[in-house]
Amino acid sequence: MLSHYVAVALRNIRGAPFASVVSLLTLSVGLVCFVTAYAFVTFWGTAEQHFPKAKDIYVLALSMKNRDGKSGFFGVGSSTIVPDVAAEFLKSDYPAITKIARAVVIDRKTMIASGGRAERLFGVAVDPEFLDMFDLPFIAGDATHALASPRSVVITRDAAARLFGSDNPLGKSVVIGNSVDATVTGVIDAIPEPSHLGRSANARLPFDLLASRDIYDSLGKGGPFGRGPVPERFAWTVVGTAIYLYLPSSGGLSAGALSSKLGDFVQRHVPAETLKNQSYSFSLVPVKDLLKGNGDFFGSGLSFSAALL
């Protein structure tokens, strides 16, 4: 029976060689595309599983639309980069939230100097609670309190080698942005993949250096043009901070309960003058979904991974 099928196939190929080659190429390309898409979606789907608390960590997302109905984020329904001021009001309005931590990029090429060496590193400033949420692979330093003191930094093993060679980096001084002195209080190994903190193309925060939040403030990075604190009138229009919320089922406030309260949150805190031109709505995105992209894919109703498949 098999030999009969092979004979028929060969006869058809000889009868229409061009069409047969085109069909074979089309089938091959389709198979490669499907396998590639499936591999990406599977990779994204296992993100953050190496962090024990990841299933209970969420990121605040903001959908900002002009009053004419157009999205303020180029067709993407929500962004997980939000106004920094939102963290302050979340803490005061919902004290039952177990933990809140901010993360903001200092610079993707932050100048870091120590002794006679200088390197440009991907620098991120975070609140101390960030280390409580994410069990980073520390190889030196106190994993719990490494960023509890002002002007402290945690660096990756690779960054430590570039700055200090074979010397022990703990306790060493570094100068950040040519202006702020800080002390190395921890060293971590590479973040296990897949993770939005890792090194894949979709990673949101592939950091080389984590700094205590006061360093970011000392550098004067908060203003609308990257200088100084954000004026009150711009507080809800300047976006640049990722706000992580730890909402375990055993905690005082669940993700579902907080989500239902965020509508009133906008009305209480976003100035009426700002809401004249734009509508705001907040939501929660599970941290495990950050790598694959959150929100509606250009108004299609599909997630990014579903659209890819």
Quick check for you: to the nearest 0.5 Å, what is the distance between [X] atom [atom1] and [Y] atom [atom2]?
X: Leu60; Y: Ser283; atom1: CG; atom2: OG; answer: 7.0 Å
X: Lys172; Y: Thr185; atom1: NZ; atom2: OG1; answer: 14.0 Å
X: Leu247; Y: Leu284; atom1: CG; atom2: CG; answer: 6.5 Å
X: Leu147; Y: Ser152; atom1: CG; atom2: OG; answer: 4.5 Å

Looking only at non-hydrogen atoms, find the nearest pair between [X] and [Y] and report the distance.
X: Ile191; Y: Pro137; answer: CD1-CD, 3.9 Å
X: Pro169; Y: Ile155; answer: CB-CD1, 4.4 Å
X: Ser195; Y: Glu193; answer: N-OE1, 3.4 Å

Ion pair [X]/[Y], N-O distance below 4.0 Å:
X: Asp158; Y: Arg199; answer: no
X: Asp56; Y: Lys99; answer: no
X: Lys288; Y: Glu48; answer: no

Item to check | Residue pair Ile139, Ile188: steps toward the side chain to side chain contact (heavy atoms under 4.5 Å, CB included) verdict | outcome: CA-CA 5 Å; Ile139 57 177; Ile188 64 170; 5.8 Å; no

Checklist entry - What residues form a side chain to side chain contact (heavy atoms under 4.5 Å, CB included) with Thr237, not counting sequence neighbours? => result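 Result, side chain to side chain contact (heavy atoms under 4.5 Å, CB included) vs Thr237: Phe234, Thr274, Tyr280.
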
Checklist entry - For Lys109, which residues count as a salt bridge (charged side-chain N to carboxylate O under 4.0 Å, His left out) partner, sequence neighbours excluded? => result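 So Lys109 forms no salt bridge (charged side-chain N to carboxylate O under 4.0 Å, His left out) with any residue.
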
Next on the checklist: In terms of relative ring orientation, are Trp236 and Phe265 parallel, tilted or perpendicular, with 30° and 60° separating the classes?
Outcome noted: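 Ring orientation, 0 to 90° scale: perpendicular.
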
Side-chain contact, heavy-atom cut-off 4.5 Å: [X] with [Y]?
X: Tyr216; Y: Val180; answer: no
X: Leu90; Y: Leu262; answer: yes
X: Val174; Y: Val184; answer: yes

Checklist entry - Under the side chain to side chain contact (heavy atoms under 4.5 Å, CB included) criterion, do Arg117 and Ile112 qualify, and how do the steps go? => result CA-CA 8 Å; Arg117 299 189 183 187; Ile112 311 294; over 6 Å; no

Next on the checklist: Tell me which pairs pass salt bridge (Lys or Arg N to Asp or Glu O under 4.0 Å) where either residue lies in residues 262-274, with sequence neighbours left out.
Outcome noted: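 Checked against salt bridge (Lys or Arg N to Asp or Glu O under 4.0 Å) - neighbours excluded - the pairs reaching residues 262-274 are Asp93-Arg268, Glu273-Lys276.
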
Item to check | salt bridge (charged side-chain N to carboxylate O under 4.0 Å, His left out), paired with Arg102, selected from Asp217, Asp214, Asp84 | outcome: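 That would be Asp84; it is the only one of Asp217, Asp214, Asp84 passing the salt bridge (charged side-chain N to carboxylate O under 4.0 Å, His left out) with Arg102.
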
Next on the checklist: For Phe122 and Phe207, I'd like to know if the aromatic rings sit close, meaning centre-to-centre distance below 6.0 Å.
Outcome noted: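 Here the rings of Phe207 and Phe122 have centres that are no less than 6.0 Å from each other.
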
Next on the checklist: Less than 6.0 angstrom separating the ring centers of Tyr58 and Tyr244, yes or no?
Outcome noted: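 Here the rings of Tyr244 and Tyr58 have centres that are no less than 6.0 Å from each other.
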
Item to check | Joint cluster assignment, Leu210 & Leu170, ILVMFWY side-chain distance < 4.5 Å | outcome: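 Looking at the clustering, Leu170 is in a separate group from Leu210.
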
Item to check | Connected via hydrophobic side-chain network under 4.5 Å: Tyr246 and Leu205 | outcome: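 Tyr246 and Leu205: one cluster.
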
Checklist entry - Counting only N and O atoms by type, is there a donor-acceptor contact under 3.5 Å from the side chain of Lys55 to the main-chain atoms of Pro248? => result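 Side chain of Lys55 to backbone of Pro248, a donor-acceptor pair under 3.5 Å: no, none is there.
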
Checklist entry - Do the side chain of His50 and the main chain of Pro192 share a donor and acceptor less than 3.5 angstrom apart? => result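 Side chain of His50 to backbone of Pro192: a pair is present.
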
Item to check | Test item: side-chain donor near acceptor, Asn202 and Ser200, under 3.5 Å | outcome: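 Side chains of Asn202 and Ser200: no pair found under 3.5 Å.
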
